[in-house]
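So the structure is just underneath, and the comments pick up after that.
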Amino acid sequence: MFALVDINGAFVSMEYVFRPGDRNKPGVVLSNGDGCIIAANKLAKNLPGFEMYSPAFQMEEVLKKYNVLRFSPNFELYVDMSRRFIEELKCFTDRVEMYSIDEAFLDMDFLNVDYTEYGHTIRKAILKNLDLPVGIGIAPTKALCKVASKVAKKYINVTNGVFTIDNEKSRIKALKWLKIEDVWGIGRRFAKKLQAMGIKNAYQFTQLPDSWVRSNMTVVGLRLKHELQGISCLSLNEIDDPKKEIGTAKSFGTLLSDYELIKEATSSYVEYCAGKLRRQNSVASAILIHLETNSFRTQDEQYYNRIVVTLPVPTSDTALLIRHACDGLQKIFKPGLKYKRVGVSCIGLFPDSSIQGNLFFETNPKTIKLQKTVDFLNMKYEQGTIRLASSGYNRQHWESKAALRSPRYTTRLNEILNFGEDVLALQFKGKN
DNA sequence: TCTGGGGTCCTAGGACCC
DNA sequence: TCTGGGGTCCTAGGACCC
């Protein structure tokens with residue numbers, strides 16, 4: 001048996017931990033540049049006319065009318081809260097898979113407990129210790145956990161946030177209830193295709209012949225079908241595997257035509273990715289750069305291009321990566337256009353312990369030492385304390401604004417929760 | 001005016017080997 | 001006129017996830 005534990009309205013719930021006075025207000029977290037709604041609490045989701053993932057400007061009326069609280073994304077906070085969430089879960093079983101920033105699978109086998117009851121215990125503990133509401137789905141396969149978790153949330157008054165599928169009757173009932181487009185692993189494309197065939201719910205999907213599923217939806221689809229039938233195909237993955245690619249691509253604050261500014265952004269993204277690369281002890285054998293205009297502005301000339309630059313030798317050295325990334329950028333940059341976004345991605349990653357050398361290119365051991373020193377200083381002080389000049393001094397001209405970002409309460413000493421009304425409210429609730 | 005970002009996995013088809 | 005058979009590796013593109 002597995003359990004899926006996921007945080008309800010995760011990012012908003014995490015924001016509200018530090019704003020207990022606003023607990024009963026609808027709230028949303030916006031994407032980078034305050035563009036789209038990427039998270040909402042239940043109060044917001046239930047508002048008439050509210051649509052998740054829509055651009056904020058289209059929701060302006062609804063957000064204003066109901067005084068919805070808005071937040072710019074604060075990933076530093078979410079990542080730290082997520083870490084605490086996982087730590088908390090490890091108190092209940094040592095077999096935990098962090099599936100995403102707000103979800104984890106637990107192995108419930110070998111636990112001599114009543115599953116549902118245990119689920120409630122976990123739920124209460126997370127609420128008490130982290131102030132985060134979670135839903136829990138328990139079932140013999142991961143895909144069925146996802147189903148159970150949907151039931152748990154939808155019928156919260158009955159389930160109290162925990163639902164278990166442990167017999168054929170509950171499995172079939174739940175699958176018949178779940179719409180095909182809401183099945184984990186069925187995306188927009190296949191949902192449409194299946195609906196056109198008359199497949200409306202998850203149960204009908206499980207009645208399709210294996211051969212059809214295999215040839216139309218690959219082994220991924222077939223695995224899903226079996227999982228929904230109660231045959232476990234996906235095991236618990238406890239090991240935090242190193243990433244196979246590390247990239248970043250962010251929209252600019254305004255549309256840019258100036259090559260130097262785009263180069264500065266590119267350079268700074270590479271610097272960020274290279275840091276992540278080194279932290280997981282990987283090197284990249286190539287770097288991918290892509291550049292694009294704003295496809296929503298149909299009146300503008302559109303352009304999209306990408307280039308893969310192979311490095312002379314696999315590396316995680318910021319300076320080397322930046323140099324090659326900028327070479328690539330130069331090749332795909334077309335003057336006179338209004339650019340929306342540049343992205344870089346380190347690809348072809350493998351452990352830095354097994355670098356294949358290049359007969360014609362020698363790595364200077366000093367650069368490794370230099371890089372380590374830079375990393376150390378940035379860790380000790382603040383990210384960006386030491387950086388390459390090519391990452392520049394004009395951030396304000398390309399970086400998107402995050403005016404509504406809350407303090408990074410748990411990771412920055414100078415942004416720690418202030419002794420103001422919020423704290424008084426916390427004390428009033430008997431917390432400290 | 002304003003429309004996110006960071007990932008993974010699978011497959012077909014091309015290029016190549018002996 | 002007739003032109004093998006058995007493989008591997010790589011990559012772009014499609015599909016999905018949160």
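A note on names: the letters A, B, ... follow the listed sequences, proteins ahead of strands, and every chain is numbered from 1. Being a predicted model, the structure only gives us computed values, none of them experimental. What you see below is based on every heavy atom in this structure, not just the backbone, and it leaves out hydrogens, waters and symmetry mates.
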### Message
Would you compute the distance between atom CD1 of A/Ile322 and atom OG of A/Ser268 and round it to the nearest 0.5 angstrom?
### Response
8.5 Å

### Gap in Å between the two P atoms, one belonging to C/dC18 and one to B/dT3, rounded
25 Å

### Task
Any chance you could measure A/Ser406, atom OG, to A/Phe18, atom CZ, to the nearest 0.5 Å?
8.5 Å

### Query
Would you say A/Glu61 has more than 12 foreign heavy atoms packed within less than 6.0 Å of its CD?
no

### Message
Without decimals, in angstroms, what is the distance between A/Lys401 NZ and B/dT3 C1'?
### Response
17 Å

### Message
What's the closest nucleotide to the side chain of A/Arg341 if the choices are B/dG4, B/dT8, B/dG5?
### Response
B/dG5

### Message
Distance check needed: C/dC16 P versus A/Met217 CE, whole Å only.
### Response
7 Å

### Task
Round to the nearest Å and state the distance from A/Leu288 atom CG to B/dG6 atom C1'.
14 Å

### Message
Both A/Arg223 and A/Ser400 contact DNA chain B. Taking the nearest nucleotide for each, which residue is further toward the 5' end?
### Response
A/Ser400

### Query
Crowded around A/Tyr53 OH? As in, over 12 foreign heavy atoms under 6.0 Å?
no

### Query
Does the pair A/Arg84/A/Asp131 count as a salt bridge with the N-to-O cut at 4.0 Å?
no

### Minimum-distance nucleotide to A/Lys250 side chain [options: B/dG6, B/dT3, B/dG4]
B/dG6

### Summary
In whole angstroms, the gap separating P of B/dT3 from CE of A/Met52 amounts to 19 Å

### Task
Give A/Glu60 one of three labels, base, sugar-phosphate or nothing, depending on what nucleic acid heavy atoms sit under 4.0 Å from its own.
nothing

### Message
For A/Phe333 and A/Tyr339, take the angle between the two ring planes, folded into 0 to 90°, and tell me which bin it lands in: parallel under 30, tilted 30 to 60, perpendicular over 60.
### Response
tilted

### Message
Under a 3.5 Å cut-off for both contacts, is C/dA12 paired Watson-Crick or G-U wobble with anything, and if yes, with which nucleotide?
### Response
B/dT11

### Query
Between B/dT3, C/dC18, B/dG5, which nucleotide has the shortest distance from any of its atoms to the side chain of A/Cys36?
B/dT3

### Summary
Regarding the side chain of A/Arg306, the nearest nucleotide among C/dA12, B/dT11, B/dG4 is C/dA12

## Note on the structure
Side-chain atoms of A/Phe57 come closest, of B/dT3, B/dG7, C/dC18, to B/dT3

### Query
Within this structure, what is the CG-to-C1' distance between A/Asp34 and B/dG5, rounded to whole angstrom?
14 Å

### Task
Provide, to the nearest angstrom, the distance between the NZ atom belonging to A/Lys276 and the C1' atom belonging to B/dG5.
10 Å

### Summary
Picking from B/dC10, B/dG7, C/dC18, the nucleotide nearest the side-chain atoms of A/Ile246 would be B/dG7

### Message
Working note: A/Lys153 + A/Asp6, criterion side-chain contact (heavy atoms from CB on, under 4.5 Å); need CA distance, chi angles, decisive distance, verdict.
### Response
CA-CA 10 Å; A/Lys153 281 192 194 177; A/Asp6 77 311; 2.7 Å; yes

### Query
Which is true for A/Ser54 with a 4.0 Å heavy-atom rule: it touches a base, it touches only sugar-phosphate, or it touches nothing?
nothing

### Message
If we ignore hydrogens and angles and just use 3.5 Å, is the side chain of A/Arg123 paired with the main-chain N or O of A/Ile136 as donor and acceptor?
### Response
no

## Note on the structure
Picking from B/dG4, B/dG6, B/dT1, the nucleotide nearest the side-chain atoms of A/Arg297 would be B/dT1

### Task
Write down the distance between CD1 (A/Ile101) and P (B/dG4), rounded to a whole number of angstrom.
19 Å

### Query
Heavy atoms under 4.0 Å, any strand shown: does A/Lys146 hit a base, just sugar-phosphate, or nothing?
sugar-phosphate

### Nearest-0.5 Å distance, CZ of residue A/Arg323 to CG of residue A/Asp317
7.5 Å

#### Entry: Below 4.0 Å: OP1/OP2 of B/dT3 and any side-chain N or O of A/Ser295
no

## Note on the structure
On DNA chain B, more 5' by nearest nucleotide between A/Ser31 and A/Ser345 is A/Ser31

### Task
Return the residues of residues 182-207 of chain A meeting this criterion: a heavy atom under 4.0 Å from some atom of DNA chain C. Order them by number, or give none.
A/Val183, A/Trp184, A/Gly185, A/Ile186, A/Gly187, A/Arg188, A/Arg189, A/Phe190

### Query
Where the side chain of A/Thr218 is concerned, which of C/dC18, B/dC9, B/dC10 is the nearest nucleotide?
B/dC10

### Query
What's the CZ-P distance between A/Arg70 and B/dC2, to the nearest Å?
17 Å

